[in-house]
There are 2 protein chains.
Amino acid sequence: MKRHGNQLEWALHCAVVLAGLDAGKRLSAGSLAELHGVPPKYLAKALQLLANAEIVNSAPGPKGGYCLAKSADEISVLDVVDAVEGGEPLFRCQEIRRRGPCQSIGAKHFAKSCQIADVMWRAEEAWRAELARVTLADIGQRVLTEVSVKVLGVVQDWVDAQTT
Amino acid sequence: MKRHGNQLEWALHCAVVLAGLDAGKRLSAGSLAELHGVPPKYLAKALQLLANAEIVNSAPGPKGGYCLAKSADEISVLDVVDAVEGGEPLFRCQEIRRRGPCQSIGAKHFAKSCQIADVMWRAEEAWRAELARVTLADIGQRVLTEVSVKVLGVVQDWVDAQTT
DNA sequence: TGATTGCAGACAATAAATATCCATAATAGT
DNA sequence: ACTATTATGGATATTTATTGTCTGCAATCA
Ligand code: FES
Ligand code: FES
(Lines give C-alpha, C1' and ligand atoms only; values in the text may rest on other atoms or scores of the structure.)
(Ligands and ions follow the chains in the order given, each with its own letter.)
Protein backbone atom coordinates (compact mmCIF):
# COMPACT_ATOMS: atom_id res chain seq x y z
CA MET A 1 0.00 0.00 0.00
CA LYS A 2 1.14 3.49 -0.81
CA ARG A 3 2.86 5.57 1.77
CA HIS A 4 0.69 8.55 2.45
CA GLY A 5 2.52 10.72 4.87
CA ASN A 6 2.52 11.82 8.41
CA GLN A 7 -0.21 12.61 10.85
CA LEU A 8 1.34 15.87 11.91
CA GLU A 9 1.27 17.38 8.45
CA TRP A 10 -2.31 16.18 8.07
CA ALA A 11 -3.40 17.55 11.43
CA LEU A 12 -1.82 20.94 10.79
CA HIS A 13 -3.48 21.23 7.40
CA CYS A 14 -6.84 20.19 8.84
CA ALA A 15 -6.48 22.73 11.63
CA VAL A 16 -5.74 25.51 9.15
CA VAL A 17 -8.66 24.50 6.94
CA LEU A 18 -10.98 24.46 9.94
CA ALA A 19 -9.63 27.87 10.93
CA GLY A 20 -10.82 29.20 7.58
CA LEU A 21 -14.30 27.73 7.92
CA ASP A 22 -17.37 29.93 8.21
CA ALA A 23 -18.79 30.12 11.73
CA GLY A 24 -21.22 27.32 12.57
CA LYS A 25 -20.03 25.04 9.76
CA ARG A 26 -18.30 21.72 10.15
CA LEU A 27 -16.24 19.31 8.05
CA SER A 28 -16.30 15.54 8.53
CA ALA A 29 -13.21 13.39 8.82
CA GLY A 30 -14.09 11.89 5.44
CA SER A 31 -14.24 15.28 3.76
CA LEU A 32 -10.95 16.40 5.27
CA ALA A 33 -9.37 13.13 4.17
CA GLU A 34 -10.61 13.57 0.63
CA LEU A 35 -9.40 17.16 0.54
CA HIS A 36 -5.89 16.09 1.52
CA GLY A 37 -5.83 12.75 -0.25
CA VAL A 38 -5.13 10.68 2.85
CA PRO A 39 -6.74 7.53 4.34
CA PRO A 40 -9.99 8.58 6.09
CA LYS A 41 -9.93 6.08 8.93
CA TYR A 42 -6.40 6.97 9.85
CA LEU A 43 -6.91 10.69 9.59
CA ALA A 44 -9.82 10.20 11.98
CA LYS A 45 -7.29 9.05 14.57
CA ALA A 46 -5.33 12.26 14.21
CA LEU A 47 -8.51 14.30 14.49
CA GLN A 48 -9.38 12.43 17.65
CA LEU A 49 -6.07 13.53 19.13
CA LEU A 50 -6.98 17.13 18.32
CA ALA A 51 -10.42 16.62 19.84
CA ASN A 52 -8.95 15.13 23.03
CA ALA A 53 -6.62 18.11 23.28
CA GLU A 54 -9.67 20.36 22.94
CA ILE A 55 -8.26 22.04 19.89
CA VAL A 56 -11.21 21.01 17.75
CA ASN A 57 -14.80 20.29 18.65
CA SER A 58 -16.46 17.19 17.28
CA ALA A 59 -20.10 16.31 16.70
CA PRO A 60 -21.53 12.96 15.56
CA GLY A 61 -24.40 12.37 13.22
CA PRO A 62 -25.40 13.92 9.90
CA LYS A 63 -24.22 17.57 9.77
CA GLY A 64 -21.64 16.49 12.30
CA GLY A 65 -17.89 16.71 11.90
CA TYR A 66 -15.21 19.02 13.21
CA CYS A 67 -14.75 22.72 13.83
CA LEU A 68 -12.26 24.65 15.93
CA ALA A 69 -12.92 24.56 19.67
CA LYS A 70 -11.63 28.11 20.17
CA SER A 71 -10.73 31.07 18.03
CA ALA A 72 -7.87 30.57 15.60
CA ASP A 73 -5.65 33.12 17.33
CA GLU A 74 -5.82 31.13 20.55
CA ILE A 75 -4.39 27.98 18.96
CA SER A 76 -0.66 27.82 18.38
CA VAL A 77 1.11 25.44 16.05
CA LEU A 78 2.78 24.03 19.14
CA ASP A 79 -0.63 23.10 20.54
CA VAL A 80 -1.29 21.00 17.45
CA VAL A 81 2.18 19.45 17.46
CA ASP A 82 1.91 18.48 21.11
CA ALA A 83 -1.57 17.07 20.61
CA VAL A 84 -0.45 14.84 17.77
CA GLU A 85 2.99 13.90 19.06
CA GLY A 86 1.83 13.44 22.63
CA GLY A 87 4.20 16.08 23.95
CA GLU A 88 7.14 13.69 23.81
CA PRO A 89 10.58 15.26 23.52
CA LEU A 90 12.56 15.00 20.30
CA PHE A 91 15.65 13.90 22.18
CA ARG A 92 15.29 11.01 24.56
CA CYS A 93 18.01 10.62 27.17
CA GLN A 94 18.51 7.09 28.44
CA GLU A 95 21.01 8.07 31.12
CA ILE A 96 23.87 6.19 29.55
CA ARG A 97 26.19 8.26 31.75
CA ARG A 98 25.22 6.01 34.64
CA ARG A 99 26.32 2.78 32.99
CA GLY A 100 29.63 0.98 32.66
CA PRO A 101 32.15 1.86 35.36
CA CYS A 102 29.75 4.46 36.78
CA GLN A 103 26.89 2.11 37.54
CA SER A 104 28.14 1.43 41.06
CA ILE A 105 28.17 5.12 41.94
CA GLY A 106 25.25 6.25 44.09
CA ALA A 107 22.41 8.11 42.41
CA LYS A 108 23.00 11.17 44.59
CA HIS A 109 26.13 11.90 42.60
CA PHE A 110 23.99 12.31 39.45
CA ALA A 111 21.53 14.83 40.80
CA LYS A 112 21.35 17.18 37.83
CA SER A 113 20.47 16.22 34.31
CA CYS A 114 23.27 15.33 31.93
CA GLN A 115 25.00 18.32 30.32
CA ILE A 116 24.46 16.82 26.89
CA ALA A 117 20.74 16.35 27.44
CA ASP A 118 20.66 19.93 28.70
CA VAL A 119 21.98 21.22 25.40
CA MET A 120 19.55 19.13 23.38
CA TRP A 121 16.63 20.21 25.51
CA ARG A 122 17.58 23.86 25.37
CA ALA A 123 17.56 23.63 21.59
CA GLU A 124 14.23 21.88 21.76
CA GLU A 125 12.88 24.75 23.84
CA ALA A 126 13.97 27.19 21.13
CA TRP A 127 12.07 25.04 18.62
CA ARG A 128 8.97 24.97 20.76
CA ALA A 129 9.14 28.71 21.41
CA GLU A 130 9.17 29.33 17.67
CA LEU A 131 6.15 27.05 17.19
CA ALA A 132 4.32 28.63 20.13
CA ARG A 133 4.74 32.05 18.57
CA VAL A 134 2.68 31.17 15.48
CA THR A 135 -1.08 30.74 15.64
CA LEU A 136 -3.51 29.19 13.19
CA ALA A 137 -4.79 32.72 12.56
CA ASP A 138 -1.27 33.78 11.53
CA ILE A 139 -1.05 30.92 9.05
CA GLY A 140 -4.53 31.65 7.73
CA GLN A 141 -3.48 35.22 7.13
CA ARG A 142 -0.39 34.21 5.20
CA VAL A 143 -2.32 31.66 3.18
CA LEU A 144 -4.80 34.32 2.06
CA THR A 145 -2.04 36.63 0.85
CA GLU A 146 0.45 34.08 -0.51
CA VAL A 147 -1.57 31.27 -2.06
CA SER A 148 -2.66 31.74 -5.66
CA VAL A 149 -6.27 32.80 -6.14
CA LYS A 150 -6.75 29.77 -8.34
CA VAL A 151 -5.94 27.31 -5.56
CA LEU A 152 -7.77 29.38 -2.99
CA GLY A 153 -10.88 29.34 -5.20
CA VAL A 154 -10.82 25.63 -5.84
CA VAL A 155 -10.47 24.82 -2.16
CA GLN A 156 -13.13 27.32 -1.13
CA ASP A 157 -15.61 25.97 -3.68
CA TRP A 158 -14.90 22.42 -2.65
CA VAL A 159 -15.36 23.19 1.05
CA ASP A 160 -18.61 25.03 0.31
CA ALA A 161 -19.85 21.96 -1.56
CA GLN A 162 -19.09 19.78 1.45
CA THR A 163 -20.80 21.96 4.00
CA THR A 164 -24.11 22.59 2.27
CA MET B 1 7.91 14.11 12.92
CA LYS B 2 11.20 12.40 13.11
CA ARG B 3 12.47 11.65 16.56
CA HIS B 4 16.09 11.05 17.45
CA GLY B 5 17.35 7.55 18.09
CA ASN B 6 19.65 6.46 20.82
CA GLN B 7 22.65 6.46 18.54
CA LEU B 8 22.65 10.23 18.84
CA GLU B 9 22.96 10.14 22.62
CA TRP B 10 25.77 7.61 22.29
CA ALA B 11 27.60 9.61 19.65
CA LEU B 12 27.34 12.84 21.63
CA HIS B 13 28.68 11.18 24.76
CA CYS B 14 31.53 9.59 22.82
CA ALA B 15 32.39 12.92 21.24
CA VAL B 16 32.51 14.63 24.63
CA VAL B 17 34.63 11.85 26.11
CA LEU B 18 37.04 12.08 23.18
CA ALA B 19 37.12 15.85 23.65
CA GLY B 20 38.41 15.28 27.17
CA LEU B 21 41.11 12.85 26.09
CA ASP B 22 44.79 13.69 26.47
CA ALA B 23 46.49 14.66 23.21
CA GLY B 24 47.76 11.71 21.18
CA LYS B 25 45.61 9.15 23.00
CA ARG B 26 42.78 7.13 21.49
CA LEU B 27 39.83 5.06 22.64
CA SER B 28 38.53 2.01 20.76
CA ALA B 29 34.90 1.45 19.86
CA GLY B 30 34.86 -1.42 22.34
CA SER B 31 36.10 0.77 25.18
CA LEU B 32 33.60 3.51 24.42
CA ALA B 33 30.84 0.91 24.27
CA GLU B 34 31.83 -0.53 27.64
CA LEU B 35 32.03 2.94 29.19
CA HIS B 36 28.48 3.70 28.10
CA GLY B 37 27.01 0.23 28.44
CA VAL B 38 25.87 -0.08 24.83
CA PRO B 39 26.34 -2.80 22.16
CA PRO B 40 29.88 -2.46 20.74
CA LYS B 41 29.15 -3.47 17.16
CA TYR B 42 26.28 -1.05 16.92
CA LEU B 43 28.12 1.81 18.54
CA ALA B 44 30.82 1.21 15.94
CA LYS B 45 28.29 2.18 13.28
CA ALA B 46 27.66 5.50 14.96
CA LEU B 47 31.39 6.12 15.28
CA GLN B 48 31.79 5.39 11.58
CA LEU B 49 29.26 8.12 10.84
CA LEU B 50 31.35 10.53 12.90
CA ALA B 51 34.47 9.38 11.09
CA ASN B 52 32.85 9.87 7.68
CA ALA B 53 31.81 13.35 8.72
CA GLU B 54 35.45 14.00 9.70
CA ILE B 55 34.48 14.79 13.25
CA VAL B 56 36.65 12.03 14.65
CA ASN B 57 39.79 10.44 13.31
CA SER B 58 40.11 6.67 13.30
CA ALA B 59 43.10 4.37 13.26
CA PRO B 60 43.11 0.59 12.91
CA GLY B 61 45.30 -1.90 14.69
CA PRO B 62 46.45 -2.19 18.29
CA LYS B 63 46.76 1.27 19.83
CA GLY B 64 44.19 2.26 17.28
CA GLY B 65 40.77 3.71 17.99
CA TYR B 66 39.24 7.15 17.83
CA CYS B 67 40.23 10.68 18.68
CA LEU B 68 38.81 14.04 17.64
CA ALA B 69 39.72 15.11 14.12
CA LYS B 70 39.89 18.80 15.09
CA SER B 71 39.96 20.82 18.25
CA ALA B 72 36.91 20.57 20.49
CA ASP B 73 35.96 24.21 20.02
CA GLU B 74 35.65 23.66 16.26
CA ILE B 75 33.03 20.94 16.60
CA SER B 76 29.46 21.98 17.33
CA VAL B 77 26.75 19.75 18.68
CA LEU B 78 24.94 20.34 15.41
CA ASP B 79 27.87 18.81 13.54
CA VAL B 80 27.45 15.61 15.53
CA VAL B 81 23.66 15.61 15.17
CA ASP B 82 23.86 16.05 11.40
CA ALA B 83 26.52 13.37 11.09
CA VAL B 84 24.43 10.81 12.96
CA GLU B 85 20.99 11.75 11.65
CA GLY B 86 22.16 12.34 8.10
CA GLY B 87 21.05 15.97 8.09
CA GLU B 88 17.43 15.02 7.47
CA PRO B 89 14.80 17.52 8.53
CA LEU B 90 12.61 16.81 11.56
CA PHE B 91 9.46 17.74 9.68
CA ARG B 92 8.86 16.07 6.36
CA CYS B 93 6.37 17.75 4.07
CA GLN B 94 4.69 15.43 1.60
CA GLU B 95 2.88 18.18 -0.28
CA ILE B 96 -0.59 17.06 0.70
CA ARG B 97 -1.81 20.50 -0.33
CA ARG B 98 -1.57 19.34 -3.95
CA ARG B 99 -3.92 16.39 -3.55
CA GLY B 100 -7.66 15.95 -3.62
CA PRO B 101 -9.51 18.65 -5.56
CA CYS B 102 -6.23 20.51 -6.11
CA GLN B 103 -4.41 17.74 -7.93
CA SER B 104 -5.58 18.97 -11.33
CA ILE B 105 -4.17 22.45 -10.75
CA GLY B 106 -0.91 23.16 -12.57
CA ALA B 107 2.31 23.03 -10.56
CA LYS B 108 3.04 26.68 -11.35
CA HIS B 109 0.28 27.69 -8.95
CA PHE B 110 2.20 26.05 -6.10
CA ALA B 111 5.52 27.81 -6.60
CA LYS B 112 6.43 28.59 -3.00
CA SER B 113 6.66 26.09 -0.20
CA CYS B 114 3.57 25.48 1.89
CA GLN B 115 2.99 28.04 4.66
CA ILE B 116 2.71 25.25 7.18
CA ALA B 117 6.00 23.69 6.20
CA ASP B 118 7.51 27.17 6.38
CA VAL B 119 6.55 27.49 10.03
CA MET B 120 7.88 24.05 10.87
CA TRP B 121 11.14 24.70 9.09
CA ARG B 122 11.63 28.10 10.68
CA ALA B 123 11.29 26.44 14.06
CA GLU B 124 13.73 23.80 12.97
CA GLU B 125 16.21 26.51 12.05
CA ALA B 126 15.91 27.95 15.56
CA TRP B 127 16.68 24.48 16.91
CA ARG B 128 19.70 24.08 14.67
CA ALA B 129 20.97 27.55 15.53
CA GLU B 130 20.88 26.66 19.19
CA LEU B 131 22.81 23.45 18.57
CA ALA B 132 25.33 25.20 16.34
CA ARG B 133 26.06 27.66 19.12
CA VAL B 134 27.36 24.97 21.50
CA THR B 135 30.70 23.25 20.94
CA LEU B 136 32.16 20.11 22.45
CA ALA B 137 34.58 22.38 24.30
CA ASP B 138 31.64 24.20 25.88
CA ILE B 139 30.18 20.94 27.09
CA GLY B 140 33.54 19.74 28.36
CA GLN B 141 33.83 22.94 30.36
CA ARG B 142 30.44 22.51 31.95
CA VAL B 143 31.10 18.86 32.71
CA LEU B 144 34.27 19.76 34.60
CA THR B 145 32.47 22.30 36.78
CA GLU B 146 29.11 20.56 37.22
CA VAL B 147 29.79 16.84 37.45
CA SER B 148 30.64 15.47 40.89
CA VAL B 149 34.33 14.85 41.50
CA LYS B 150 33.46 11.26 42.35
CA VAL B 151 32.04 10.53 38.91
CA LEU B 152 34.73 12.57 37.20
CA GLY B 153 37.40 10.56 39.02
CA VAL B 154 35.92 7.17 38.20
CA VAL B 155 35.62 8.01 34.53
CA GLN B 156 39.08 9.53 34.36
CA ASP B 157 40.66 6.50 36.03
CA TRP B 158 38.77 4.15 33.76
CA VAL B 159 39.81 6.03 30.63
CA ASP B 160 43.43 6.08 31.81
CA ALA B 161 43.28 2.32 32.27
CA GLN B 162 42.02 1.89 28.70
CA THR B 163 44.65 4.07 27.08
CA THR B 164 47.79 2.74 28.77
C1' DT C 1 53.12 -13.84 11.90
C1' DG C 2 49.39 -13.20 15.09
C1' DA C 3 46.60 -10.17 17.65
C1' DT C 4 43.94 -5.93 17.55
C1' DT C 5 41.26 -2.65 15.52
C1' DG C 6 38.34 -0.04 12.05
C1' DC C 7 35.42 -0.53 7.70
C1' DA C 8 31.68 -1.88 4.84
C1' DG C 9 27.96 -4.55 3.63
C1' DA C 10 24.59 -8.04 4.40
C1' DC C 11 21.43 -9.72 7.42
C1' DA C 12 18.06 -10.46 11.56
C1' DA C 13 15.29 -8.78 15.31
C1' DT C 14 12.65 -5.29 17.45
C1' DA C 15 10.07 -1.10 17.83
C1' DA C 16 7.31 2.41 15.80
C1' DA C 17 4.47 4.39 12.43
C1' DT C 18 0.87 3.62 9.27
C1' DA C 19 -3.52 1.76 8.04
C1' DT C 20 -7.85 -1.03 8.44
C1' DC C 21 -11.75 -3.01 10.79
C1' DC C 22 -15.48 -3.36 13.89
C1' DA C 23 -18.82 -2.53 17.49
C1' DT C 24 -20.88 1.33 19.82
C1' DA C 25 -23.10 5.72 20.58
C1' DA C 26 -24.91 10.16 19.25
C1' DT C 27 -27.49 13.06 16.03
C1' DA C 28 -30.44 14.76 12.17
C1' DG C 29 -34.05 14.06 9.12
C1' DT C 30 -38.13 11.39 8.01
C1' DA D 1 -39.54 4.80 15.82
C1' DC D 2 -36.53 4.16 11.90
C1' DT D 3 -32.64 5.02 8.94
C1' DA D 4 -28.56 7.19 7.40
C1' DT D 5 -24.50 9.67 8.91
C1' DT D 6 -20.80 10.50 11.76
C1' DA D 7 -17.43 10.32 15.79
C1' DT D 8 -15.21 7.14 19.25
C1' DG D 9 -12.29 3.63 21.02
C1' DG D 10 -10.29 -0.75 20.83
C1' DA D 11 -8.29 -4.44 18.34
C1' DT D 12 -5.54 -5.84 14.74
C1' DA D 13 -2.75 -6.00 10.56
C1' DT D 14 0.78 -4.04 7.59
C1' DT D 15 4.72 -1.44 6.48
C1' DT D 16 8.81 1.15 7.67
C1' DA D 17 12.51 2.59 10.70
C1' DT D 18 15.50 1.58 14.17
C1' DT D 19 18.35 -1.37 16.58
C1' DG D 20 21.50 -5.01 16.75
C1' DT D 21 24.49 -8.92 14.88
C1' DC D 22 27.58 -11.17 11.82
C1' DT D 23 31.27 -11.86 8.45
C1' DG D 24 35.09 -10.87 5.49
C1' DC D 25 38.64 -7.54 4.64
C1' DA D 26 42.35 -4.13 5.29
C1' DA D 27 45.46 -1.60 8.18
C1' DT D 28 48.56 -1.47 12.17
C1' DC D 29 51.64 -2.89 15.67
C1' DA D 30 54.54 -5.98 18.48
S1 FES E 1 23.12 10.52 29.82
FE2 FES E 1 21.57 10.94 28.35
S3 FES E 1 22.35 12.65 27.29
FE4 FES E 1 23.89 12.23 28.76
S1 FES F 1 1.80 20.54 2.00
FE2 FES F 1 3.29 19.78 3.37
S3 FES F 1 3.14 21.10 5.07
FE4 FES F 1 1.65 21.88 3.68
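We use all heavy atoms of the structure for the numbers below, so side chains are in, but hydrogens, waters and symmetry mates are not. Labels below follow one simple rule: chain letters A, B, ... track the order of the sequence lines, proteins then strands, and each chain is numbered from 1.
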Problem set entry | Pairwise side-chain contact, B:R98 with B:I105, heavy-atom cut-off 4.5 Å (strictly under) | no
For this session: Would you mind reporting whether A:V17 and A:H36 have side-chain heavy atoms less than 4.5 Å apart?
Result: yes
Problem set entry | Electrostatic pair B:R97:B:E95 at N-O distance under 4.0 angstrom | yes
Problem set entry | Residues B:R122, B:E125: salt bridge by 4.0 Å N-O rule | no
Grab the [atom1]-[atom2] distance between [X] and [N] for me, whole Å please.
X	N	atom1	atom2	answer
A:Y42	D:dG10	OH	P	16 Å
A:K63	C:dA26	NZ	C1'	17 Å
B:L49	D:dT18	CG	C1'	13 Å
B:L47	C:dT5	CG	P	14 Å

Closer than 4.0 Å, any side-chain N/O of [X] to the OP1 or OP2 of [N]?
X	N	value
B:Q48	C:dA8	yes
B:N6	D:dT19	yes
A:Y66	D:dT8	yes
A:S58	D:dT6	no

Go through [options] for me and flag the one nearest to the [X] side chain.
X	options	answer
B:P39	D:dG20, C:dA28, D:dT23	D:dG20
B:A29	C:dG6, C:dA28, D:dG9	C:dG6
B:S28	C:dT5, D:dT19, C:dA28	C:dT5
A:N52	D:dC29, C:dA8, D:dG9	D:dG9
B:K45	C:dA3, D:dT21, C:dG6	D:dT21
B:P60	D:dT6, C:dG6, D:dT21	C:dG6

Problem set entry | Contact summary for A:W121 and A:F91, nearest pair of heavy atoms | NE1-O, 3.1 Å
Exercise. Considering heavy-atom distances to DNA chain C, does A:K41 or B:G64 have its closest nucleotide positioned more toward the 5' end?
Worked result: B:G64
Problem set entry | Upstream residue (5' side of DNA chain D) when A:A51 and A:G61 are each assigned their closest nucleotide | A:G61
For this session: Answer with base, sugar-phosphate or nothing: what part of the nucleic acid does B:A44 contact at a heavy-atom distance below 4.0 Å?
Result: nothing
